[in-house]
Amino acid sequence: MSIDDITKNMTDTNRPVFSISVAAEMIGVSVHTLRMYEAEGLVFPHRTASSRRLYSHNDLHRLRCIRVMLDERGLNIAGIKAMMSLAPCWDIKNCALEDRMSCPAYIETTTPCWLVENKPRVCSEEECRNCPVYMELTLCGNMKLFLKRHWKQV
DNA sequence: ATTCTGACA
DNA sequence: TGTCAGGA
């Protein structure tokens, strides 16, 4: 299964469905904690017109993975972000050489690309929540598996 | 009734 | 991370 296939499948589960209280209940954390994860840039749920958060199935999966990293793998928030910042976004997005050389995300090692400012058009024009770089990093912190899939070596 | 942002014993 | 304020 290619990155494109995975991305396509995930789009279906990317719709806004759960309120923050329901999401918190399902994940087993407080609504406050959920807002904190968002403030840290680990996940960004949809927002209603009145700015209410609505979590998708993907968001829920992502949050479960975050809990695994936090509870079972000895990572803290900073560690999770550092790991996520290692995703080869330039390759996944087929970023032009001159673009990547001027992109902060290409150099950054502690901030995931979706939290970086001043990115080239290929990225600044797309909603990060719909970007494969963001959506793919939901594999429970298994960066190695993520890279294997990316390089199609599974 | 619920959620939002910001603040802090 | 919990909780309270003051709105929406």
Side-chain angles (χ1 to χ4, degrees), chain A residues 3 6-90 92-93 95 99-100 102-150:
Chain A
I3 292 281
I6 294 173
T7 299
K8 182 182 177 185
N9 292 336
M10 294 185 81
T11 298
D12 303 327
T13 50
N14 217 190
R15 297 185 310 286
V17 315
F18 304 110
S19 67
I20 191 170
S21 58
V22 171
E25 169 69 52
M26 294 177 84
I27 301 302
V29 299
S30 66
V31 300
H32 175 276
T33 299
L34 247 31
R35 295 194 185 103
M36 188 271 277
Y37 290 158
E38 182 180 358
E40 291 284 2
L42 262 30
V43 59
F44 24 98
H46 293 79
R47 290 296 188 115
T48 64
S50 56
S51 119
R52 251 68 174 177
R53 274 165 266 248
L54 284 181
Y55 295 78
S56 67
H57 283 85
N58 280 348
D59 293 329
L60 273 285
H61 181 210
R62 195 184 184 79
L63 288 167
R64 289 190 195 96
C65 293
I66 288 172
R67 293 310 303 174
V68 170
M69 292 188 259
L70 258 22
D71 299 335
E72 303 170 20
R73 301 190 180 176
L75 290 174
N76 56 20
I77 302 288
I80 294 173
K81 292 172 72 174
M83 183 197 72
M84 290 179 159
S85 73
L86 265 24
C89 61
W90 59 91
I92 293 172
K93 294 284 293 182
C95 187
D99 278 341
R100 74 182 64 175
S102 66
C103 183
Y106 185 68
I107 305 169
E108 191 58 57
T109 60
T110 59
T111 309
C113 61
W114 55 85
L115 297 180
V116 170
E117 300 294 329
N118 305 313
K119 285 177 290 187
R121 283 176 189 64
V122 272
C123 288
S124 62
E125 288 179 350
E126 178 178 30
E127 290 280 335
C128 287
R129 78 151 27 255
N130 297 317
C131 174
V133 182
Y134 171 77
M135 289 198 284
E136 274 289 289
L137 281 181
T138 237
L139 307 177
C140 296
N142 195 334
M143 181 58 76
K144 184 172 286 187
L145 173 58
F146 170 77
L147 293 175
K148 284 182 178 178
R149 298 175 90 119
H150 174 60

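Side-chain atoms are counted along with the backbone in the values below, which use heavy atoms only and exclude waters and symmetry mates. Chain naming here is simple, since letters A, B, ... match the order of the sequence lines and numbering starts at 1 in each.
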Asker: Between C1' on dG6(B) and CD on E38(A), what's the gap in Å once rounded to a whole number?
Answerer: 15 Å
Asker: Specify the separation, in whole Å, of atom CZ of R35(A) and atom P of dC4(C).
Answerer: 14 Å
Asker: Closest approach to the side chain of R47(A), judged atom by atom: which nucleotide of dG2(C), dT3(B), dT5(B) is it?
Answerer: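 For R47(A), the side-chain atoms sit closest to dT5(B).
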Asker: Hey, does the side chain of R53(A) come within less than 4.0 Å of dC4(B)'s phosphate (OP1/OP2), counting only N and O?
Answerer: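 Affirmative; the distance criterion is met.
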Asker: Can you tell me the pairing partner of dA9(B) across any strand shown, Watson-Crick or G-U wobble, with both distances under 3.5 angstrom?
Answerer: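 Because no pair has both required distances under 3.5 Å, dA9(B) counts as unpaired.
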Asker: Between M36(A) (CE) and dG6(B) (P), how many Å, whole number?
Answerer: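 Computing the M36(A):CE to dG6(B):P distance gives 16 Å.
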Asker: I need the OH-C1' distance between Y37(A) and dC4(B), as an integer number of Å.
Answerer: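 Nearest whole value for this atom pair: 19 Å.
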Asker: Just to confirm, is there a sub-4.0 Å distance from OP1 or OP2 of dA8(C) to any side-chain nitrogen or oxygen of S51(A)?
Answerer: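 The answer is no; no side-chain N or O of S51(A) sits under 4.0 Å from OP1 or OP2.
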Asker: Suppose we define a pair by two distances each less than 3.5 Å, Watson-Crick or G-U wobble; what does dA1(B) pair with here?
Answerer: none
Asker: Can you check the F44(A) CZ to dC4(B) P distance for me, whole Å?
Answerer: 17 Å
Asker: Please tell me if S19(A) has a side-chain N or O lying less than 4.0 Å from either OP1 or OP2 of dT3(B).
Answerer: yes
Asker: Please step through side-chain contact (heavy atoms from CB on, under 4.5 Å) for the pair E126(A) and V122(A), ending with a clear verdict.
Answerer: CA-CA 7 Å; E126(A) 178 178 30; V122(A) 272; over 6 Å; no
Asker: Should T33(A) be listed as having a side-chain N or O under 4.0 Å from OP1 or OP2 of dT1(C)?
Answerer: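 Indeed, a polar side-chain atom of T33(A) lies that close.
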Asker: Starting at atom CD1 of I27(A), determine the distance to atom P of dT1(C), rounded to an integer number of angstrom.
Answerer: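 Checked: the CD1 to P distance equals 13 Å.
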Asker: Can you tell me if R53(A) uses its side chain to pair, donor with acceptor, with the backbone of I20(A) under 3.5 Å?
Answerer: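 Looks like no, no N/O pair under 3.5 Å.
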Asker: Within 45° of the six-membered ring axis of Y134(A) and under 6.0 Å from that ring's centre, is NZ or CZ of R62(A) located there?
Answerer: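 The answer is yes, since R62(A) meets both limits relative to Y134(A).
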Asker: How is S21(A) classified with respect to the nucleic acid when contacts are heavy atoms under 4.0 Å: base, sugar-phosphate, or nothing?
Answerer: sugar-phosphate
Asker: Knowing that exactly one of I80(A), D59(A), I27(A), L42(A) qualifies, which makes a side chain to side chain contact (heavy atoms under 4.5 Å, CB included) with Y37(A)?
Answerer: L42(A)
Asker: Please report the distance, rounded to the nearest Å, between CD1 in I77(A) and C1' in dT1(C).
Answerer: 12 Å
Asker: Could you tell me whether the side chain of R52(A) has a donor or acceptor atom within less than 3.5 Å of a complementary atom in the base of dT2(B)?
Answerer: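 Indeed there is one.
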Asker: Examine dG2(C): is either OP1 or OP2 under 4.0 Å from a nitrogen or oxygen in the side chain of S30(A)? Give yes or no.
Answerer: yes
Asker: Rounding to a whole Å, what distance do you find between I20(A):CD1 and dA1(B):C1'?
Answerer: 15 Å
Asker: Is the H57(A) ring parallel, tilted or perpendicular to the F18(A) ring (thresholds 30°, 60°)?
Answerer: perpendicular
